[in-house]
Chemist: 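Below you'll find the structure I mean.
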4 protein chains.
Amino acid sequence: MAIVLGANRYGKAENRVVRIYRDTERHEIRDINVSSALRGDFADAYLTGDQSKILPTDTQKQTAYSFSKEKGLTSIETYALDLGAHFVDSVEYVKSARIEVEEFEWQRVLVNGEEHDHTWVRKGQETRTAAITVTGSGDDRTNIVVGGFKDLIILKSTGSEFTGFYEDEYTLLEPTTDRVMATSLVAQWRFTTTNVDWEPTYLGIKKIIIETFATLHSLALQQTLYEMGKAVLEAYDFIAEIRFSAPNKHHFVYNLQPFGVENNNEVFNADDRPYGLIEATVIRDELSAAPEAWESYTGLV
Amino acid sequence: MAIVLGANRYGKAENRVVRIYRDTERHEIRDINVSSALRGDFADAYLTGDQSKILPTDTQKQTAYSFSKEKGLTSIETYALDLGAHFVDSVEYVKSARIEVEEFEWQRVLVNGEEHDHTWVRKGQETRTAAITVTGSGDDRTNIVVGGFKDLIILKSTGSEFTGFYEDEYTLLEPTTDRVMATSLVAQWRFTTTNVDWEPTYLGIKKIIIETFATLHSLALQQTLYEMGKAVLEAYDFIAEIRFSAPNKHHFVYNLQPFGVENNNEVFNADDRPYGLIEATVIRDELSAAPEAWESYTGLV
Amino acid sequence: MAIVLGANRYGKAENRVVRIYRDTERHEIRDINVSSALRGDFADAYLTGDQSKILPTDTQKQTAYSFSKEKGLTSIETYALDLGAHFVDSVEYVKSARIEVEEFEWQRVLVNGEEHDHTWVRKGQETRTAAITVTGSGDDRTNIVVGGFKDLIILKSTGSEFTGFYEDEYTLLEPTTDRVMATSLVAQWRFTTTNVDWEPTYLGIKKIIIETFATLHSLALQQTLYEMGKAVLEAYDFIAEIRFSAPNKHHFVYNLQPFGVENNNEVFNADDRPYGLIEATVIRDELSAAPEAWESYTGLV
Amino acid sequence: MAIVLGANRYGKAENRVVRIYRDTERHEIRDINVSSALRGDFADAYLTGDQSKILPTDTQKQTAYSFSKEKGLTSIETYALDLGAHFVDSVEYVKSARIEVEEFEWQRVLVNGEEHDHTWVRKGQETRTAAITVTGSGDDRTNIVVGGFKDLIILKSTGSEFTGFYEDEYTLLEPTTDRVMATSLVAQWRFTTTNVDWEPTYLGIKKIIIETFATLHSLALQQTLYEMGKAVLEAYDFIAEIRFSAPNKHHFVYNLQPFGVENNNEVFNADDRPYGLIEATVIRDELSAAPEAWESYTGLV
């Protein structure tokens, strides 16, 4: 029975590139954590230690920084596509490149009510993400783009219930018709094209997700995820699928009865662990899946 | 030579209390991490294991949750003062109570441009803090209140220099007249009174700090800290002192010269470690210090 | 174009179960973080909010704790198989269960050179992991078991080089014939059977990996990973494949030349980010892949 | 009322110095995270931005790395004393230097049962710490050395009770005569001299602490801390005081009664938050306190 090298890739993870645009007095800032991973004709490096086809990870780092100036860094999807294409096109041994990006948003500080030209505070809410996979050359080129965000912490203090569930011998949970529902949402959506106006699309998708979370009377976190995904796909016909991972961050009603204090869903303990964890995909049924879209490299995206 | 019990305290750390106000359809939310520590006549517990004077830490937890309803939770300073006074006044063995609070802010989501009644996203910027120390009874009662925040991540892309420094045989650093300056600021201010309108005061102090950071042409992070503190003390005569801890989050200009790419303070590497760390106190010189104000219990505040 | 529910699962993540065996005065301890995720006939919960087929995540939690006593907790692989089988066999709507376990090892403290009966310190090295997937009933039952560890931090101070690599216009890296090589290793191996003596197998695999790392003169981290995997598969014929994820934790030689101090690979800066990240699979070529083995639920395993 | 600069210091935090001794084929490794902070005649930097007395934090970094070769890095206490003395003695504006060190231990891997010459795994248990404060010159020189460790996670599965405590209207806790007691211990001890054999002293103190934790039948964590401290001071007459900070990492007996499963202190939930937090000092009563010993700079030590 032969023992062989299977799937493999390598690259440079977590390059912390900060790009300032300072062409006018009103600067702009983009702040990212970018990783690159290459697949290709690299078996020799594993089997014999021959590095002659290996583009060093240090070189990948240099390129990531330089491209933020050479190509610019305005939308992370465009930047990642440029970087991925470069590795595939310029290094003959590279068959496929994956670029993963986390973006940290900043907002201008106000001075006397006016936005300042060159000072920001970190926005601190969700982290925007992109994962692109560029494969092949010429007519065989495919570009897969997944946009998304993570760590959008959202909570509603009513409008959520959980009742009528299956019960077995280990079931102690009481049904509830009014609870706090909170999650730290991860959402990732796959585009069918690269011809997208990335910035307004990101904001539009986030708006739909937040508004659905707020306005849907929730019978379960599962239902909320599905409705959010459906609304996004209905609004954007170039989104093939959207995936959610949603920890149910439990807020347990605190028992104040021993102290004669009424607690009508007013005082909660925000628990750490364990937590429910719900995953769902909403997809257009006629579109082919793209498993390589979801092969996370760093685990950050 | 005798061996004796020295300074000691005990309590319950990191109670994650979430308080919803739902008297109208427009709910309000306060979300805190609160810790309590007691000092007093507790030597027997250490020396002989006799617990008869020890109020269990579990009881301190129960009280923290119950007080968020009994006394309310609107300003963390008031809540902490109520909780601290309770332990000192109701348990005869307690001589002093320290209450530390981290507050996580939420902001209402918008639905069709309108603020939603009961859905929020975590704001995600600085964490507001309070540390109060209540000691003694009757005429001997003292209340020390320290407000503050931590993790305010702020950056300016110009308007900062560092030149003319002392040089010795290990000095390699080149002076610069234009650099990125960024920090994750911790600020803590001590009040001389409890008769304070806590919410607008917090916002006012934060505004002064941010505006000073933005508008002062900085010759060093040290100077920026001093000017921020001075401005706060000039604006609020009931602030006795303000302390800053400011990591200098280095953004190093990335060398793109080998690739023939100009980098005029446009592309930076945001480095992790090591970092400069500047600490400064700005204080009114005629006021007595209050060392017990700064004896952090959890290290979180 | 229809919009449909795609892949989905739900469960309870991160149950922190600690199991003490105290049948004799010499206690034993097992300390785990266990997560369960169910797939099955759950579309109604997403599409209409009907929970009647949903076994609550709270019930999954109760079961995880109870099974540590009912079935015991000696090997995490056996415990996870028991728990997974229970969900598939007892709840008609469950088609597949995934159980992920992190195990934290403890070691007995010594008192006068003797192992103590009931006191331990956390061992603190690698975290052992298991991920099992139980699918189907009766003759259709499949059990996939993946064992592994993560966060094995290992370093060699010589016996590693990196030379002869591909160079392009962005390549600045200098080759080296003597460097520090360090990683925080993740290894996961898939078994072809459940008829395994789990404890000695775990120790045996870890021993092979560590010894190969130590004794192989490394031409690249890629080569080291391949040789480690090959040695494991040669030693254990019931291992179908092994996957590695290895961050290259860079230790850069610190430049002391400006101070007239020689540094012959003696003083290093242990850098945080970015880092090289190498992934490799070593597999028996005749065996079918098992993609569901690798669909991590929590990201912890 | 004048506003003035109060206490201040500045330095470079978290230099990750790794030192390899390779004079023979059997290498040695020391791995530290070192921070330096200077106090002195630095008011001008704050008040006017004049940096002429400021030794850059970058210079402090260079010195920390260079000293690991120039002076060596065998015991962290000696290394820190050398580094602190250098700043005070060589820069006229520096009045006092504080050096804080975290040390990460490594252990040699075994190959065929033999310790390997140049390969280690991270030991992973407690982190050893040192904090030294060097002040003044000549006859006014004082050297304060605090050794210690943090994150020693220790647990006993019996031999611990908690009964007879004070009860008030918020007390729900039930007394217990048999519980799991676990903590992640921080211990710091202050020396009265620098004439110490640092390595065996560290091991000896740790041994006493662990053995006392194991063998003392505990009536409360407070009692355990006191007895550990007393034993250390009795054994080492050059230790002036020892301070403990001990989170009571609660292991709650899991209620399996609803499932008809007996749980005789066999199955526990290891809870995250909140946790009891006990702090105690054990001190020789005739010795003067040294408050500056405890003014942590980074919060890491």
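Every heavy atom of this structure was used, including side-chain atoms; hydrogens, water molecules and symmetry mates were not. Lettering follows sequence order; numbering is per chain, from 1.
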Chemist: Looking at Met181(C), His251(C), Gln62(C), Glu70(C), which makes the most heavy-atom pairs under 4.5 Å with chain D?
Modeler: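 Max contact count across the listed options: Gln62(C).
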Chemist: Return the CZ to NZ distance between Arg122(C) and Lys249(D), rounded to the nearest 0.5 Å.
Modeler: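 Between atom CZ of Arg122(C) and atom NZ of Lys249(D) there are 7.5 Å.
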Chemist: Among His116(C), Gln107(C), Arg30(C), who wins on heavy-atom pairs under 4.5 Å with chain D?
Modeler: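 The residue among His116(C), Gln107(C), Arg30(C) with the greatest pair count is His116(C).
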Chemist: Between Phe213(D), Phe268(D), Tyr65(D), Tyr21(D), which residue shows the highest count of heavy-atom pairs closer than 4.5 Å to chain C?
Modeler: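 Answer, by heavy-atom pair count under 4.5 Å with chain C: Tyr65(D).
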Chemist: Checking Asn112(D) against chain C: side chain, backbone, both or neither under 4.5 Å from a heavy atom?
Modeler: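 For Asn112(D), backbone and side chain are both near chain C.
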Chemist: With a 4.5 Å cut-off on heavy-atom pairs, point out which of Asp178(D), Asp271(D), Asn15(D) contacts chain C the most.
Modeler: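 Between Asp178(D), Asp271(D), Asn15(D), the count favours Asp178(D).
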Chemist: So which heavy atom on Val109(C) is nearest to which on Ala214(D), and how close?
Modeler: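 Minimum heavy-atom separation between Val109(C) and Ala214(D): CG2-CB, 4.0 Å.
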Chemist: Just so I understand: if I count every heavy-atom pair under 4.5 Å between each of Leu256(D), Asp272(D), Ile29(D), Asn255(D) and chain C, which residue has the most?
Modeler: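 Of the candidates given, the most pairs with chain C belong to Leu256(D).
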Chemist: Counting heavy-atom pairs under 4.5 Å to chain C, which of Val121(D), Val267(D), Ile154(D), Leu155(D) comes out on top?
Modeler: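 Of Val121(D), Val267(D), Ile154(D), Leu155(D), Leu155(D) has the most heavy-atom pairs under 4.5 Å with chain C.
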Chemist: Do Thr63(D) and Phe259(C) touch side chain to side chain, with heavy atoms closer than 4.5 Å?
Modeler: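 Side chain of Thr63(D) against side chain of Phe259(C), heavy atoms only: no contact under 4.5 Å found.
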Chemist: Are the side chain of Glu266(C) and the backbone N or O of Arg22(D) linked by a donor-acceptor pair below 3.5 Å?
Modeler: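 Side chain of Glu266(C) to backbone of Arg22(D), a donor-acceptor pair under 3.5 Å: no, none is there.
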Chemist: Checking heavy atoms, do the side chain of Asn265(D), its backbone, both or neither come under 4.5 Å from chain C?
Modeler: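 Both parts, backbone and side chain.
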Chemist: If every non-hydrogen atom of Asn263(D) is compared with every non-hydrogen atom of Lys69(C), which pair is closest and at what distance?
Modeler: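 Between these two residues, the closest heavy atoms are N-NZ, 4.4 Å.
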Chemist: Atom CH2 in Trp120(C), atom OG in Ser157(D): separation rounded to 0.5 Å?
Modeler: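 These two atoms lie 3.5 Å from each other.
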Chemist: If we define contacts as heavy-atom pairs under 4.5 Å, which of Thr215(C), Ile153(C), Asp117(C), Asp31(C) has the most with chain D?
Modeler: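 The residue among Thr215(C), Ile153(C), Asp117(C), Asp31(C) with the greatest pair count is Ile153(C).
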Chemist: Please classify the contact between Leu110(C) and chain D as side chain, backbone, both or neither, with a heavy-atom cut-off of under 4.5 Å.
Modeler: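 For Leu110(C), the backbone is the part near chain D, not the side chain.
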Chemist: Counting only heavy atoms closer than 4.5 Å, note whether Val111(D) contacts chain C via side chain, backbone, both or neither.
Modeler: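 Both parts, backbone and side chain.
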